[in-house]
Amino acid sequence: MDRLIDLLEDRGLDAILLYSDGEHSIARPSALEYFCGVTPLANRNCAIVTPEGSCTFLVDLPRDVDRIARHTGIEDVRGTNAFVSELVAVVRELEVDTALGLVGIDRMDQAVYQAIEETVEQVHSLDEPVDALAAVKTDADLETFHELGRLADVGFTAAYDALSPGIKEYELSAEIEYAMRAAGSEDNFNLLSSGSHNQLMHGPTERVIRAGDTVLFEISPVIDGLVLQICRTISVGTPDRTLVEKFSLLKEAMANTKSMLRAGAPAKVIAERMNAVFRDAGYAEYCEPPYMRTRGHEFGIGPIGMAIDEGTDTELREGMVLVVHPNQYVPETGYLSLGDPIEITADGFETLVDTPARLFTKEVL
Amino acid sequence: MRTREPILTHGRDNWDTVNMPVDAFQTRVERVRGVMERERIDVLLIYGSGDRDGDIAYVSNLIHKVPGFPLGLVVTADTVVVINQRSSRTRPIVERSTWADDVRFTRNLWGDVTEVLAEVAERGDSISLVGGDAMSHADFEAMERLDDAWSIEVRDGFLDSLRSVKDERERDQIRRAGRILGAVETVLSEPIDSPTRERKFVADLDRIARLHGAQDVRVLVSNPTHTEGAHRPAEDLPIETTNPISIYVAARFEGYWASFTRTTTLDGADVGSADCEAIEGVLDELIESLEPGRDAAAVVQDAITAIEGLGLELDDRYDVLSNVGLELDEPPILGAGEPASELPIEPGHCFEATLAIAGGNPDPILVGETVVVTEDGPERVTGGIEL
């Protein structure tokens, strides 16, 4: 919150309004949840922060008020069944009439935005500067990311343990999620795919996993609105030589990339180093859409943070948390998956999971 | 809105065309077109995002899975076009999930809508939009920037009357969702003899529902021994086996939801409260009153009167009756004191009937069931655990 107040003063604003439609996920993180530390249940919620440090939280579900107050420590939490008119009343009560900074405009429905625009003289979007603020992780954030790494390991271990010929994809997904939730994860962005030639990862289907399948996982636990991700591949039964050979390209791409990771290095080097391995192996066309897009992304409150491709124009900074994933479609084997979450440190990086970065084999009895 | 948690839909992803064949959707589209013709609408745009995907699902069978990537439909007398603001990598999944032949992928939903309108509509056509209230300001502005020739009238709620009366296949899907919840109730009824934690307990329920084929699961708890009594997502808190808790569980099966709410203890013993038994009786009466031809608002008022007669108070932060189907809270939604006008109950209405009582013993008491109204009267699709 102190960082928000500094931003507010720098910009000469009367207040900052953080808005949320209640969605908070890896695909669509929300600044309100990040700064206030609670995911509201309603689909219209906002917190208004003033230069004096006061915060008024308004939620479109009166029964959620006590929980929000308990989690955030904010004293002025108000529930309403008439969100738009109550929001206007709060803005007037706080004497915010000249300049209001808005965070989360893309989440606002038209009625909310229109009411704000009609009430305040100037409305400024602060999404970008607030994304930048959140990109600098606090010590508490980093502690949570380390815990998320542990949960990602729990998820993959559960996947490995439950995987056997005959299990359906959705049953496997349920076991992964159960293990992670029981261990403390609040949510899980879990994609997988099984088959002899996978095209992409997706939500779990009714497909029955068979001996000889390759099974891909993207497992992403959530705590306090923060997300981390691990990507791995398991062969059901002894993998054939082609699979082993092609997967070694992913391992090489991962190692090739990690050797360059340190604060100050350009982020695009991640994509460049990965693509170099696949291009040298003759798979240049498979490094481009529709086969591949990004080679990793940051975890923050922007749209899945910063996406990393060869055009990414930013430097890696100490404290940045990202996933590097040389996931690759290879025509001989199908799509393969390998990705590690890492934290950029002063002198290099730290991998936040203990699960080895390799092709796993689940022996078939 | 019961809860946005979990945000991500990642349960079983399947479309069983035996349960819900293509012609069921084609019949629906013809009904939609019939209303369009009566209302003199040439083109209907349907927008869906997040939990507000019911209109999209009703016509196309697609449900919204990825936050921030809305779905659009363009319906005319001849065509149904699906527009996905998602990566084309998802094409196989989307095409497997919908009967519509014309599926387009875009990074700019409204840009594509313009292109589709240029193909299927004529200048001066009457164009209506449903789902405008689910639309972000940015999407709304993008819509307004469309070529001036396309004048779009927002008609939110346009499909509500069609959706609120479920046909036999839809009722069956809700019954299937109810059967998944039956498996969850079986687990709930098994006594637990040592304290557990909320997250572990909820993970158990979620797992059972998922293993039985739930596409999405929502679980809320009320654990008044440790926090406020309102329903909320699980936290890292203990549940003692003898302390009353309340559980709300909703499961979605191939688009359709059912839910139940229980006030119980985990040790398998009765809550042992006269208030609970009395409220269960009021809920029974309310459900039995959901007969075709009755006025839903009067049924709610009767329940409120009965609760007051017990010296208890309805917690008006919860709705008493809400339609359930492709969304958890579909119109009409009736709480305490609303609406003034009559709402005749029809066969095909599917309700979540919930009573939330404040100030009783225990406090709160929360009970609820999903009920399908048939031509023969109300049919519970959840239930089985005695309070």
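Residue numbering restarts at 1 for every chain, and letters A, B, ... go by the order of the sequence lines.
Proximity to chain A is limited to the side chain of N14(B), based on heavy atoms less than 4.5 angstrom apart. Of the two parts of D106(A), only the backbone, made up of N, CA, C and O, holds a non-hydrogen atom closer than 4.5 Å to a non-hydrogen atom of chain B. If you measure heavy-atom distances from R96(B) to chain A, the contacts under 4.5 Å come from the side chain alone. Looking at E235(B), the atoms closer than 4.5 Å to chain A (heavy atoms on both sides) all sit in the side chain, from C-beta outward.
Annotation for D133(B) and D109(A): closest pair O-CB, 4.1 Å, computed over non-hydrogen atoms. Counting all heavy atoms, side chain and backbone alike, R63(A) lies closest to A230(B) at O-CB, 3.3 Å. In terms of heavy atoms, A182(A) sits closest to A203(B) at N-CB, 3.8 Å.
Exactly one of T39(A), D187(A), L41(A) qualifies for a side chain to side chain contact (heavy atoms under 4.5 Å, CB included) with P233(B). That residue is L41(A).
Comparing H202(A), E171(A), E175(A) by how many heavy-atom pairs each has under 4.5 Å with chain B, the most go to E175(A). Among K200(B), R210(B), H137(B), the residue with the largest count of heavy-atom pairs under 4.5 Å with chain A is H137(B). Comparing E228(B), H212(B), H231(B) by heavy-atom pairs within less than 4.5 Å of chain A, the highest count is held by E228(B).
Shown here are the ring pair (Phe, Tyr, Trp, His ring centres under 6.0 Å) partners of F83(A), two or more places apart in sequence or in another chain: there are none.
To the nearest 0.5 Å, atoms OG (S136(B)) and CG (D21(A)) are separated by 9.0 Å. We find the CD-CG distance between E177(A) and D206(B) to be 5.0 Å, quoted to the nearest 0.5 Å.
Environment of CD in E143(A): sparse, with no more than 12 heavy atoms of neighbouring residues, nucleotides or ligands closer than 6.0 Å. Heavy atoms from other residues, nucleotides or ligands lying under 6.0 Å from CD of E313(B) number 12 at most.
Between D204(B) and Y178(A) the shortest side-chain heavy-atom distance falls below 4.5 Å. Contact check for R232(B) versus H71(A): no side-chain heavy atoms found under the 4.5 Å cut-off.
Salt-bridge annotation for E206(A) and R12(B): present, with a side-chain N of the basic residue lying under 4.0 Å from a carboxylate O of the acidic one.
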